[in-house]
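Throughout, residue positions are numbered sequentially from 1 according to the sequence presented.
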Amino acid sequence: MASFIYTSRAQRVVFGPGSLGGLAAELDALGLRRALVLCTPPQRAQAEQVAALLGAARVAGIFDQAVMHVPIETARQALQVASELGADCAVAVGGGSTIGLGKAIALDSGLPVIAVPTTYAGSEMTPIYGITEAGLKKTGKDDRVLPRSVIYDPELSLSLPAAMSVTSGINAIAHAAEGLYAADGNPIMDLMAQEGIRALARALPVIAGGAEGDALRPARSDALYGAWLCGTVLGSVGMALHHKLCHTLGGSFNLPHAETHTVVLPHALAYNAPAAPRAMARIAEALGAAHAAQGMFDLARSLGAPTALRDIGLREADLDVACDIALKTPYPNPRPLERAALRALLQDAYEGTRPRD
C-alpha cells in the first residue's frame with residue numbers, strides 16, 4: 001500500500017429523521033446562547049421553524065439574504081448584523097450558499113457555525129470557504145470555518161424539488177469523484193468516496209422519478225447519507241480541475257452552482273481519465289456504468305439535469321476568458337493542464353456533447 005497522511009477533524013454529526021428537534025441541545029452542549037439564523041430569501045419559513053424550535057431566548061435574529069457564491073458585500077452585512085445583535089454563533093439552514101455565508105462570518109469573527117443542511121451540497125463537512133469579490137471567487141481552507149455540529153434531518157429535504165435534488169446530488173458526487181484522484185488522497189477517503197457515489201446514484205433516480213411519502217423517505221435518507229460522505233471527502237483532500245473550472249464559471253459568470261457542477265463533471269472526468277485509470281474504475285463501478293465520464297453524463301441526462309453550459313447562462317464568447325482564468329493558479333491535477341485540451345473541454349461542456357471514449 002502506498003504511504004499516505006490522514007488528518008481527522010473534530011466535528012459532531014447528528015443524523016436521522018426528526019434530528020432537528022435536538023438543535024437546542026446541540027447549542028447547549030457547546031455553551032452557545034444567542035444564535036443568528038441564516039438562510040436564503042426563499043427559505044425564510046424554514047429559518048423561522050428553526051428559530052421557533054430554539055426559542056426566543058436563544059435566537060438573536062434571522063438573516064435571510066444568503067446568495068450564491070457568497071459575495072463579500074453580503075458576508076460583511078451578515079457579520080455586522082451578528083455583531084449588532086450580540087450573536088455568539090450562526091445556525092445555517094439551507095444549502096451551500098447559506099452554509100458558505102456562515103463560514104464567511106466564522107472566518108472573520110471566529111463565531112462557531114451549526115449547520116442544518118437541506119440540500120446535498122456537502123459544504124457543512126469541509127473547512128473550505130469561498131468568497132466572491134470583484135467578479136472572482138477566491139477559495140481557501142481554514143479550520144475556523146468548519147461547522148462545529150451538523151444536523152442531518154432527511155425530513156427537511158422531502159420538499160426539495162426533484163430537479164434541485166438531482167443537481168445538488170451530482171454536485172456532491174463531484175466532491176467524491178475528485179477525491180478519488182486527489183494528490184493527497186488516502187484509502188479511507190477512497191472508501192467513503194465510492195460509497196458516497198453509490199448511495200447518491202441509488203437515491204437520485206428514485207427522487208427524480210416522482211416517488212412520494214413513505215416511498216420517498218428511504219431515498220432522501222440515502223441521498224443525505226451520500227452527501228455526508230462526499231462532503232467529508234471534499235473536506236479531507238484537495239480539489240482538482242473540476243472544482244477549479246466550476247469556481248471559475250460560477251464566480252466569474254454567476255452561473256448556478258450545482259447546475260455548473262452537473263454539466264462540467266463528465267467532461268472533467270474525461271479529461272483526467274488517461275491519467276487516473278484506477279479512480280475512473282472506482283467511479284464507474286459506483287455508478288454501475290462501463291465508463292466513469294460517460295456514465296456520469298448518462299446519469300445526469302436520464303434524470304433530466306442540464307448537460308450544456310449554454311443552457312444555464314454561459315455565452316460562447318465567455319469560453320476563452322473562462323479558460324484563461326482557469327489556467328491561473330491551477331489546482332493540483334492528475335493530468336497537466338494544456339490550454340488547447342482545456343478549451344476543448346469547455347467547448348464540449350458548452351455544447352453538451354457526450355464525452356468520447
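Taking each heavy atom of Gly96 and Ser123 in turn, the nearest pair found is CA-CB, 4.3 Å. Contact between Leu146 and Ala10 at its shortest, heavy atoms only, is CD2-O, 4.1 Å. Here the shortest heavy-atom pairing between Ala270 and Pro355 reads CB-CB, 4.0 Å. Heavy-atom minimum distance, Asn272 versus Pro334: OD1-CD, 3.8 Å. Residues Ala121 and Ser168 approach most closely at N-OG, 3.5 Å, considering heavy atoms. The two residues Ala223 and Ile207 come nearest to each other via the heavy atoms CB-CD1, 4.1 Å.
Side-chain atoms of Gln347 and Glu351 form a donor-acceptor pair, as typed in the model, at a separation below 3.5 Å. Side chain to side chain, Gln80 and Arg76 fail the donor-acceptor criterion of an N or O pair below 3.5 Å. Side-chain atoms of Tyr350 and Arg315 include no donor-acceptor pair closer than 3.5 Å.
Grouping the Ile, Leu, Val, Met, Phe, Trp and Tyr side chains by contacts below 4.5 angstrom, directly or via other members, places Leu224 with Leu216. No chain of hydrophobic side-chain contacts below 4.5 Å, direct or via other Ile, Leu, Val, Met, Phe, Trp or Tyr residues, connects Leu27 to Leu38. Note on Val37: it does not cluster hydrophobically with Leu85, by side-chain heavy-atom contacts below 4.5 Å among ILVMFWY residues. Follow the hydrophobic side-chain contacts under 4.5 Å out from Ile151 and you reach Val93 in the same cluster. Taking hydrophobic clusters as Ile, Leu, Val, Met, Phe, Trp and Tyr residues chained together by side-chain heavy-atom distances below 4.5 Å, Tyr120 shares a cluster with Leu229.
Side-chain contact check for Arg354 versus Gln294: some heavy-atom pair is nearer than 4.5 Å. Side chains of Leu245 and Tyr271 form no contact here, defined as non-hydrogen atoms less than 4.5 Å apart. In this structure, the side chains of Thr40 and Leu101 stay at 4.5 Å or more apart for every pair of heavy atoms. Between Leu136 and Ser252 the shortest side-chain heavy-atom distance falls below 4.5 Å. Looking at Met296 and Ile283, their side chains never come closer than 4.5 Å, going by heavy atoms from C-beta outward. Taking the side chain as every heavy atom from C-beta outward, Leu30 and Cys89 never approach each other to under 4.5 Å. For the pair His69/His257, a side-chain contact is recorded, criterion being any heavy-atom separation below 4.5 Å from C-beta on. Considering only heavy atoms from C-beta on, Ile170 comes within 4.5 Å of Leu204 through its side chain.
Taking CD1 from Ile105 and CZ from Phe63, the interatomic distance works out to 7.5 Å, rounded to the nearest 0.5 Å. Taking CG of Leu319 as the start and CG of Leu342 as the end, the distance is 10.5 Å to the nearest 0.5 Å. Note: Thr248 OG1 to Leu327 CG = 9.0 Å, rounded to the nearest 0.5 Å. The line from CZ of Arg217 to CD of Glu155 is 4.5 Å long, rounded to the nearest 0.5 Å. The distance from the CG atom of Asn254 to the OG1 atom of Thr260 is 9.5 Å, given to the nearest 0.5 Å. To the nearest 0.5 angstrom, Thr232 atom OG1 is 12.5 Å from Ile188 atom CD1.
Residue Leu255 forms a side-chain contact (heavy atoms from CB on, under 4.5 Å) with just one option from Asp318, Leu314, Val264, and that option is Leu314.
Put simply, the side chain of Asp153 gets close to the backbone of Leu20: a donor and an acceptor are under 3.5 Å apart. With hydrogens and angles disregarded, no donor-acceptor distance shorter than 3.5 Å links the side chain of Arg148 to the backbone of Ile114. For Ser157 (side chain) and Arg220 (main-chain N/O), no donor-acceptor pair under 3.5 Å exists by modelled atom type. Between the side chain of Glu178 and the backbone N or O of Ala240 there is at least one donor-acceptor pair closer than 3.5 Å. No donor-acceptor distance shorter than 3.5 angstrom exists from the side chain of Glu259 to the backbone of Thr167, with no hydrogens or angles considered. The closest donor-acceptor contact from the side chain of Asp88 to the backbone of Arg33 lies under 3.5 Å. Distance alone, capped at 3.5 Å, is enough to place a donor-acceptor pair between the Arg34 side chain and the Val59 backbone. Side-chain atoms of Thr262 come within 3.5 Å of backbone N or O of Ala258 as a donor-acceptor pair. Under the 3.5 Å distance criterion, the side-chain polar atoms of Ser19 are matched with a main-chain donor or acceptor of Tyr152. Checking side-chain atoms of Asp142 against main-chain N and O of Val145 turns up no donor-acceptor pair under 3.5 Å.
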Open item on the list: Apply side chain to side chain contact (heavy atoms under 4.5 Å, CB included) to residues Cys39 and Ile62 and explain how you reach the verdict.
Closed with: CA-CA 8 Å; Cys39 66; Ile62 296 175; 4.2 Å; yes
Open item on the list: side chain to side chain contact (heavy atoms under 4.5 Å, CB included) for Val13 and Met125? Distances and angles first, verdict last.
Closed with: CA-CA 9 Å; Val13 172; Met125 296 307 299; 4.0 Å; yes
TODO: Applying side chain to side chain contact (heavy atoms under 4.5 Å, CB included), run through Val206 and Asp222 and close with a yes or a no.
DONE: CA-CA 10 Å; Val206 178; Asp222 272 350; over 6 Å; no
- [ ] Given side chain to side chain contact (heavy atoms under 4.5 Å, CB included), test Met239 with Ile128 step by step and report yes or no.
- [x] CA-CA 10 Å; Met239 296 177 285; Ile128 301 166; 4.2 Å; yes
Open item on the list: Set out, in order, the CA-CA distance, both residues' side-chain angles and the distance that settles salt bridge (charged side-chain N to carboxylate O under 4.0 Å, His left out) for Asp348 and Arg356, then state yes or no.
Closed with: CA-CA 10 Å; Asp348 285 346; Arg356 303 168 184 83; 2.8 Å; yes
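Judged by the 6.0 Å distance and 45° axis criteria, Lys103 is not positioned over the aromatic ring of Tyr129.
Shown here are the salt bridge (charged side-chain N to carboxylate O under 4.0 Å, His left out) partners of Arg335, two or more places apart in sequence or in another chain: Glu338. Judged as a side-chain hydrogen bond (donor to acceptor under 3.5 Å, both in side chains), and not counting sequence neighbours, the contacts of Asp28 are Arg58.
Aromatic pair His261/His243: ring centres closer than 6.0 Å.
Ion pair Glu195/Arg198 flagged as a salt bridge, since at least one NZ, NE, NH1 or NH2 atom sits closer than 4.0 Å to an Asp/Glu carboxylate oxygen. Between Asp64 and Arg44, at least one side-chain N (NZ, or NE/NH1/NH2) sits under 4.0 Å from a carboxylate O, which counts as a salt bridge.
Between Trp228 and Phe15, the two ring planes are tilted [angle within 30° to 60°].
Few gaps surround CZ on Arg339; more than 12 heavy atoms of other groups in view lie less than 6.0 Å from it.
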